[in-house]
2 protein chains.
Amino acid sequence: MKKSIENKSVKMRDVADHVGVSAATVSRALRNPEVVSEALRTKIAAAIESLGYLPDPAARALASTRSDVIGVILPSVTNNVFSAVMDGIYSAAEGTRYSVQLGYSRYAPLSEENLIRLFLRQRPTGLIVTGIDQTDAAKALLQEADCPVVQIMETGPAPHDRMIGFSHYQAARAATAHLIAQGYSQPGFLGARMDPRTQRRLQGFRDELRAHGIDEGRRVHSTTYPSSVTLGGHLLAQLMDAAPETDAIFCINDDLALGAMFEAQRRNLRIPQDLGICGFNDMEMMGAAEPSLTSVRTFRREMGAGAVQLILDALSGGARPDGNIVDLGFEIMPRHSTRRNS
Amino acid sequence: MKKSIENKSVKMRDVADHVGVSAATVSRALRNPEVVSEALRTKIAAAIESLGYLPDPAARALASTRSDVIGVILPSVTNNVFSAVMDGIYSAAEGTRYSVQLGYSRYAPLSEENLIRLFLRQRPTGLIVTGIDQTDAAKALLQEADCPVVQIMETGPAPHDRMIGFSHYQAARAATAHLIAQGYSQPGFLGARMDPRTQRRLQGFRDELRAHGIDEGRRVHSTTYPSSVTLGGHLLAQLMDAAPETDAIFCINDDLALGAMFEAQRRNLRIPQDLGICGFNDMEMMGAAEPSLTSVRTFRREMGAGAVQLILDALSGGARPDGNIVDLGFEIMPRHSTRRNS
DNA sequence: TTGTATGCGTTATCAA
DNA sequence: TTGATAACGCATACAA
């Protein structure tokens with residue numbers, strides 16, 4: 001079965017001629033196979049295969065007022081938290097007839113709004129956006145969108161449509177509670193970028209401290225710079241200089257945690273005795289580090305795949321029983337870096 | 001200037017009516033502004049702005065037999081080597097009228113071939129593919145493609161069209177030479193995935209050893225599993241068990257190097273005295289690690305951005321003087337993990 | 001410099 | 001179940 005490479009633009013019409021039917025029938029064989037007779041269907045399929053026909057997505061989109069793309073808007077290319085999300089998205093889209101169109105907002109709400117506008121112009125099959133912090137205009141656009149919209153990475157009270165993620169606030173509280181349960185009494189906070197999602201994590205940290213009657217003192221250190229391993233080291237240095245009593249840190253993400261670990265080693269702070277460290281996201285390296293690092297596991301790949309599935313579900317049926325909000329939760333992964341008791 | 005949100009599909013015709021010209025003029029104002037009178041151009045621009053007009057990409061593609069997408073085919077979503085490449089690509093495409101369409105081959109040549117076929121069907125503005133190891137069919141497709149094609153990540157003798165990258169073979173030789181120059185006499189090799197690009201790095205390692213009359217012994221350890229920090233630890237463990245004389249390692253990438261470092265620490269091997277470590281790619285963490293880790297810096301973001309630029313150049317002109325091959329080179333970043341002398 | 005007319009490849013409406 | 005035919009929104013001859 002040698003596949004034709006020289007398919008210099010074979011079109012639906014050519015397939016139709018080859019079989020001896022009208023183009024309309026070929027179109028139906030592709031879109032609504034069930035209304036085409038078995039006999040024709042197989043002949044058409046064979047012709048498509050032998051001619052190497054591939055439909056023109058532009059023509060299809062123009063005629064059907066619907067393109068087969070799933071638009072995805074993420075805040076960052078480089079933050080590898082989103083690599084896993086993308087992996088899930090692409091995996092779930094693979095094998096379907098939908099293709100993925102990616103846009104990056106660079107954490108800029110206005111840029112996100114423009115991307116939404118742009119993507120909507122293509123009449124996509126579905127739209128996946130990150131988080132719950134859209135501009136008002138963006139919210140309006142999403143509200144009017146005539147396609148399923150899924151918000152990922154977070155859960156919240158009022159989804160535009162559907163939503164899959166977890167509570168960053170609760171996750172941060174749980175992480176902080178873990179530190180306290182391990183006997184740390186002066187936990188600090190290391191944050192970077194400090195986008196709204198991160199802010200909610202800080203809020204969780206603070207509320208948990210308060211719930212235990214612990215004053216945060218000068219132990220919250222953050223910056224709006226994007227996070228990095230290097231930055232984690234710098235932030236820990238600042239923190240320890242400003243608040244030497246700090247005996248544990250909750251880091252907004254694993255890069256900061258890793259950098260903080262290295263800095264702690266440079267300062268000859270013993271982990272976990274002198275300093276407990278907890279990261280966020282539980283990237284693969286956390287378990288492999290020496291010492292291994294505690295983190296909050298999040299289900300990033302599942303969020304991506306789940307979001308696509310939510311769109312597919314929406315296409316082929318109604319609302320979900322769970323009110324269209326899927327909370328994937330999180331999981332504290334206790335490791336050596338916070339193993340003070342026992 | 002409140003932007004219309006309720007642009008329920010305003011089309012070129014609406015803009016034209018609003019200004020009192022024909023749709024063709026609006027079209028020209030967008031595509032060939034220079035042939036439209038100054039007066040009309042500004043009026044049209046104003047109308048577009050106030051009506052919130054956005055062109056329909058499908059209609060545009062259909063009518064012009066050319067879509068404004070730049071197709072990009074990468075092997076992996078999760079390998080964050082490619083995050084930086086994507087960052088470069090998206091940055092360079094931003095502000096142009098082109099949008100990026102991403103496809104992932106999962107390191108499967110056949111899957112890459114299918115993606116090329118699929119993307120070409122959209123008559124893209126340009127195509128960016130990874131490396132030089134396409135199937136014959138894919139090569140044929142690229143050869144016939146009626147758009148600029150850029151191969152990234154690598155240089156090689158016979159580009160399909162244009163090429164931007166570096167020599168993995170030379171980079172590996174240089175890294176190995178660095179280890180030897182630092183006084184290590186029994187360097188080992190840690191590899192994962194072992195795709196063709198990685199194989200060429202291994203070849204470089206071997207040839208450099210040979211050039212110094214060093215026998216590789218049992219010090220080459222690799223696996224086809226995808227690389228990870230954890231795997232780096234396992235591989236080092238295997239290597240040290242099989243070849244305890246090993247005094248340095250060249251790792252196929254930074255994740256392996258980091259994992260090897262952790263494993264070395266677990267085994268109480270002193271870095272760099274007992275074991276020198278060199279990674280590949282020079283991710284941000286390498287300089288921040290404790291001890292800091294030597295690596296081979298590669299210009300990933302620049303490859304992405306450069307690839308887009310090559311396409312843009314091709315569109316607006318002829319061939320480059322340099323034979324259409326851009327070699328971005330690499331740079332050895334010597335750090336503590338190989339600082340044995342001095 | 002601008003307008004008119006036609007076509008891009010597919011889907012959808014309507015008949016048959 | 002299938003076939004003609006008219007959109008879909010825009011770009012480009014060609015004419016003016």
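Quick note: numbers below take in every heavy atom, side chains included, and nothing from hydrogens, waters or symmetry partners. It should be emphasised that the depicted structure is a prediction, and the values quoted were computed from it without experimental measurement. Below, chains carry the letters A, B, ... as their sequence lines are ordered, and counting in each starts from 1.
At D:dT12, none of the side-chain N or O atoms of B:Ser64 fall inside 4.0 Å of OP1 or OP2 (strictly under the cut-off). The side chain of B:Tyr53 places an N or O atom within less than 4.0 Å of a non-bridging phosphate oxygen (OP1 or OP2) of D:dC10. OP1 and OP2 of C:dT10 both lie 4.0 Å or more from every side-chain N or O belonging to A:Ser27. Of the side-chain N and O atoms in A:Arg31, one or more sit less than 4.0 angstrom from OP1 or OP2 of C:dT11. Between A:Ser22 and D:dT2 there is no side-chain N or O to OP1 or OP2 distance below 4.0 Å.
Closest approach to the B:Ala63 side chain among D:dT2, D:dA7, C:dC8 is made by C:dC8 (side chain taken as heavy atoms from C-beta onward). In the set C:dT10, D:dC10, C:dT2, the nucleotide with an atom closest to the side chain of B:Asp56 is D:dC10. Checking D:dA4, D:dT2, D:dG9 against every side-chain atom of B:Lys11, the shortest atom distance belongs to D:dG9. Side-chain atoms of A:Ser37 lie closest to D:dT2 of the nucleotides D:dT2, D:dA11, C:dT10. Side-chain proximity of A:Leu40 to D:dT2, D:dA4, C:dT11: nearest is D:dT2.
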Step by step, would you call A:Asn324 with A:Met163 a side-chain contact (heavy atoms from CB on, under 4.5 Å)?
CA-CA 6 Å; A:Asn324 293 338; A:Met163 192 172 243; over 6 Å; no
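Put simply, the side chain of B:Arg121 and the base of C:dG9 share no donor and acceptor less than 3.5 Å apart.
Using a 4.5 Å heavy-atom cutoff, the side chains of A:Leu74 and A:Ile152 are in contact.
As judged by a 4.0 angstrom heavy-atom cut-off over every strand, A:Thr65 is placed among residues making no nucleic acid contact. Nucleic acid contact class of B:Val26 (heavy atoms, under 4.0 Å, all strands): none.
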